[in-house]
Engineer: 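For reference, the structure I am asking about is given below.
Per chain, numbering begins at 1; letters A, B, ... match sequence-line order.
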Amino acid sequence: MLKEGAIESRLVAGPLVVTTWPRSFLLPPHSRGKLLRDFNQSTVVVGHGYASFQANRRSLISFSDDVSLLVVLIDTNPFFWSTSSSSLNFHQFVSHVLVFLDLIVRLSQLNQIVVIATGHNTCDYIYDSSLDTDQVTGEGELPALYSFVLQRLEEFVDKDEKLGAKQEGLSEKRASSLLSGSLSMALCYIQRVFRSGPLHPQPRILCLQGSPDGSEQYVSIMNAIFSAQRSMVPIDCCYVGSHNSAFLQQASYITGGVYVKPQHLEGLYQYLATVFAVDLHSRSFLQLPRPAGVDFRASCFCHKTTIDMGYVCSVCLSIFCKHHDKCSTCGLVFGKVQSDAASDRKRKVPES
Amino acid sequence: MNNSEKKRMNGEAEEENEEDVEDEGRDAWERTYTDERSWEALEEDESGLLQPIDNKAIYHSQYRRRLQSLSATSAASRIQKGLIRFLCVVVDLSKAAGEMDFKPSRMAVIAKHVEAFIREFFDQNPLSQIGLVIIKDGVAQSLTELGGSPEAHIKALMVKLGCAGDSSLQNALELVHDTLHKIPSYGHREVLILYSALSTCDPGDIMETIQKCKKAKLRCSVIGLSAEMFVCKHLCQETGGSYMVALDEGHFKELLLEHAPPPPALAEFAIANLIKMGFPQRAAEGSIAICSCHREAKVGEGYICPRCKARVCELPTECRFCGLTLVSSPHLARSYHHLFPIEPFTEISARQFELSRVASKTCFSCRESLLTPGAACTKCKQYFCLDCDIYIHESLHNCPGCESRRITPAAASATKS
């Protein structure tokens with residue numbers, strides 16, 4: 001049983017602003033009570049007869065073009081949310097996102113949602129619409145989905161905080177979240193869906209990020225992006241932070257997704273519903289926001305400035321802006337045969 | 001028995017031509033049963049229902065064995081790999097390539113898999129270049145120049161598919177040597193020969209040519225389609241390449257794709273050089289310029305060389321006017337996983353799995369419940385299912401467990417010391 005008062009006071013200030021159409025819109029009146037608890041693809045049954053009815057019904061419903069599996073990566077990085085000067089704070093952000101998730105679930109009975117939280121010290125699954133254990137009967141004012149997700153988010157934020165308590169001396173200015181971890185988990189989940197058989201919804205990833213890019217994650221994020229490109233999974237991004245994220249712009253460009261940095265964050269739900277609720281098949285008919293220009297220039301390893309022309313080490317591919325004699329990353333001397341230098345390097349490896 | 005291949009229309013047509021050579025008494029439908037026993041792909045389960053053979057277990061054990069052999073050779077230390085490769089693919093189109101032991105013919109199978117190989121090669125080595133050479137009528141011809149665009153090579157190969165005459169290994173090696181001799185020293189020179197014939201008709205002494213190639217640091221590998229030949233084996237041993245003979249079509253594809261990731265660089269060949277490269281920006285929307293590759297006026301999308309301001313259509317490429325190599329940062333990033341590989345996961349025995357204190361036995365990345373013991377990462381100690389293990393090591397190159405932890409500098413030095 002949920003203690004709704006406790007959750008609401010911490011994460012949600014005031015009643016949720018619901019701007020979707022009334023619940024009865026999609027469902028015939030006589031079955032409303034039963035189907036409300038079961039409108040996404042789950043196996044929770046109320047009575048044996050109903051179960052067989054539902055199973056038969058599912059076999060009649062075929063996976064049409066517009067069924068999607070949406071994996072949402074929510075940024076819960078406390079360093080960002082506590083210092084963000086924009087008009088959106090964390091509980092308003094979560095309320096916009098929850099209404100959006102509800103919208104996706106209602107667009108089609110077969111739509112699936114998975115929510116993964118990206119924290120500062122860890123990442124974890126929050127909600128999976130296809131799991132039995134994630135179906136909770138809703139009682140009270142909030143719908144089942146909202147209260148379940150809010151409770152799990154609260155548990156996650158606590159866990160994230162506990163893991164971070166052991167660290168000291170972290171500069172708060174550029175504290176990034178672990179985006180590469182949640183992207184990797186999302187891609188593994190999508191591979192599992194691909195393996196499940198020929199009939200599956202079309203997967204895509206939506207990244208709701210506000211934290212700045214962490215340069216230590218560059219290689220992992222690029223690996224994840226290329227893997228997504230190979231599996232043809234678009235990565236969309238709605239960036240709620242202050243400056244544009246170069247990593248996510250590249251991700252959307254390379255994988256064929258949409259990148260949006262909303263100008264008016266109070267209307268976040270409107271951006272989500274009009275741009276990111278569109279399934280992959282329908283995107284060919286709609287004019288979605290296109291990026292103005294993605295900067296693919298590299299930055300040099302010595303000064304971290306973006307450069308037009310530079311020198312690249314042929315062995316380790318590090319980029320330098322000026323000609324050097326020795327590569328600082330791999331330690332090799334340029335232009336000479338490496339027999340002595342290589343054996344020195346090999347002797348150093350076991351010690352360090 | 002090759003159960004997975006189904007007959008194609010042209011395959012059946014060629015089978016009818018072969019009818020005179022093989023059994024006269026058999027019809028085409030009877031011959032398919034002698035060659036492909038499709039009933040062997042089924043088995044009965046306990047209740048008597050027919051099930052296809054569980055390929056998953058076989059696939060997993062194959063993957064495990066491959067991983068063992070790879071980790072044994074690499075010795076878990078950083079091996080320098082040739083990332084900027086110049087590869088010449090030599091396709092033997094002599095009369096032996098028309099043999100039908102690979103359905104529909106060796107030539108068709110080679111062409112299909114070389115197309116897949118070229119795409120995979122440019123996916124894994126974006127800074128490298130391929131050139132195609134064919135051997136026909138005892139003469140070697142260069143089909144395409146060394147270039148970085150996959151479409152040009154594939155188009156050229158698909159057009160010229162006819163086999164005739166003898167095969168000449170020496171002529172091919174001479175041609176390849178002349179092509180690869182001129183490239184700069186930071187590039188790794190490789191040759192991949194797809195040889196179907198059982199003999200070679202050479203104008204001179206092939207041993208001299210082999211020594212010439214060895215001196216020029218060409219790494220020659222051969223994939224044979226018929227049987228093992230001494231001259232190919234000698235060539236590969238001398239130059240440091242690998243010689244394999246394909247057993248069937250599936251094996252051929254596997255052997256071919258093994259050449260796509262960069263091979264370890266031999267110590268004396270590894271010269272580090274600083275290469276000057278340009279990182280062009282996209283041209284402004286609506287700007288009109290004549291592109292240097294097609295010599296046509298084009299609007300908008302394209303890139304501008306930072307040194308000479310010429311417009312190019314796609315990257316990576318070399319600017320035609322000033323010779324600067326033009327790349328974008330994702331192309332360099334595609335090769336990073338070769339430089340920072342993740343360690344293989346350790347397999348968990350059944351007993352360890354039961355004794356583990358993990359509360360819910362689910363795979364960390366895909367949250368599927370683990371019915372059979374999977375694999376665990378050595379660094380973050382998380383459990384993964386075997387399918388995720390394969391996906392992580394072959395495609396993703398990131399361990400989700402390690403990426404989901406924040407390692408502070410203090411903790412990092414504590415674990416290292």
Engineer: So which of B:S328, B:C402, B:A333, B:G401 has the largest heavy-atom pair count under 4.5 angstrom toward chain A?
Structural biologist: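 Top count of heavy-atom pairs under 4.5 Å with chain A: B:A333.
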
Engineer: Any donor-acceptor pair under 3.5 Å linking the side-chain atoms of A:S184 with those of B:E403?
Structural biologist: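 On atom types as modelled, these side chains do not qualify, holding no pair under 3.5 Å.
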
Engineer: Select, from A:R192, A:M222, A:M309, the one with the greatest count of heavy-atom pairs under 4.5 Å involving chain B.
Structural biologist: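 Highest number of pairs under 4.5 Å: A:R192.
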
Engineer: Counting heavy-atom pairs closer than 4.5 Å to chain B, which one of A:S231, A:S227, A:A228 comes out on top?
Structural biologist: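 Counting heavy-atom pairs under 4.5 Å, the top option is A:S227.
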
Engineer: Give, as side chain, backbone, both or neither, the part of B:L127 having an atom under 4.5 angstrom from any heavy atom of chain A.
Structural biologist: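 B:L127 touches chain A through side-chain heavy atoms alone.
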
Engineer: Check each atom of B:L324 against the heavy atoms of chain A and say whether the ones under 4.5 Å are side chain, backbone, both or neither.
Structural biologist: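 For B:L324, side-chain heavy atoms alone lie under 4.5 Å from chain A.
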
Engineer: Show me the donor-acceptor pairs, under 3.5 Å and distance only, between side chains in residues 310-323 of chain A and residues at least two apart or in other chains.
Structural biologist:
unit_1	atom_1	unit_2	atom_2	d
A:S314	OG	B:N273	N	3.1
A:S314	OG	B:N273	O	3.4
A:S318	OG	A:T329	OG1	2.8

Engineer: Heavy-atom pairs under 4.5 Å with chain A are the metric here; pick the option from B:R405, B:H397, B:E368 that has the most.
Structural biologist: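 It is B:E368.
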
Engineer: Could you tell me the separation between the SG atom of B:C385 and the CZ atom of A:R195, rounded to the nearest 0.5 Å?
Structural biologist: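 Result: 5.0 Å between the selected atoms.
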
Engineer: State which residue, out of B:C366, B:S404, B:C388, fulfils the side-chain contact (heavy atoms from CB on, under 4.5 Å) condition with A:M185.
Structural biologist: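 With A:M185 as partner, B:C366, B:S404, B:C388 yield a single side-chain contact (heavy atoms from CB on, under 4.5 Å), made by B:S404.
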
Engineer: Calculate, to the nearest 0.5 Å, the distance between atoms CZ and CG belonging to B:F340 and A:N223 respectively.
Structural biologist: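 Between atom CZ of B:F340 and atom CG of A:N223 there are 10.0 Å.
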
Engineer: Which heavy atom in A:F226 sits nearest to a heavy atom in B:P330, and how many Å separate them?
Structural biologist: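 Result for this residue pair: CZ-O, 3.2 Å.
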
Engineer: Please report the shortest heavy-atom distance between B:L396 and A:A224, naming the atom on each side.
Structural biologist: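 Scanning both residues completely, I find the closest heavy atoms to be CD1-CA, 3.8 Å.
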
Engineer: Which atoms of A:S196 are under 4.5 Å from chain B, going by heavy atoms: the side chain, the backbone, both sets, or neither?
Structural biologist: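 Neither the backbone nor the side chain of A:S196 comes within 4.5 Å of chain B.
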
Engineer: Quick one: CG on B:D123 to CZ on A:R230, what's the gap to the nearest 0.5 Å?
Structural biologist: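 CZ of A:R230 is found 5.0 Å from CG of B:D123.
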
Engineer: Tell me which of these, B:Q281, B:H331, B:R282, B:R307, has more heavy-atom pairs under 4.5 Å with chain A than the rest.
Structural biologist: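 Most heavy-atom pairs within the cutoff with chain A belong to B:Q281.
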
Engineer: Would B:R367 count as a cation-pi partner of A:Y125, with NZ or CZ less than 6.0 Å from the six-membered ring centre and within 45° of the ring normal?
Structural biologist: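 That pair does not qualify as a cation-pi contact.
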
Engineer: Select, from B:T325, B:L274, B:N398, the one with the greatest count of heavy-atom pairs under 4.5 Å involving chain A.
Structural biologist: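 With the most close heavy-atom pairs to chain A, the winner is B:L274.
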
Engineer: Just give me the residue among B:Y336, B:Y186, B:Y391, B:Y303 that pairs up with chain A most often, heavy atom to heavy atom, under 4.5 Å.
Structural biologist: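 Top count of heavy-atom pairs under 4.5 Å with chain A: B:Y391.
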
Engineer: Which pairs count as salt bridge (charged side-chain N to carboxylate O under 4.0 Å, His left out) when at least one residue sits in residues 246-255 of chain A, sequence neighbours excluded?
Structural biologist: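 Listed once each, the pairs would be none.
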
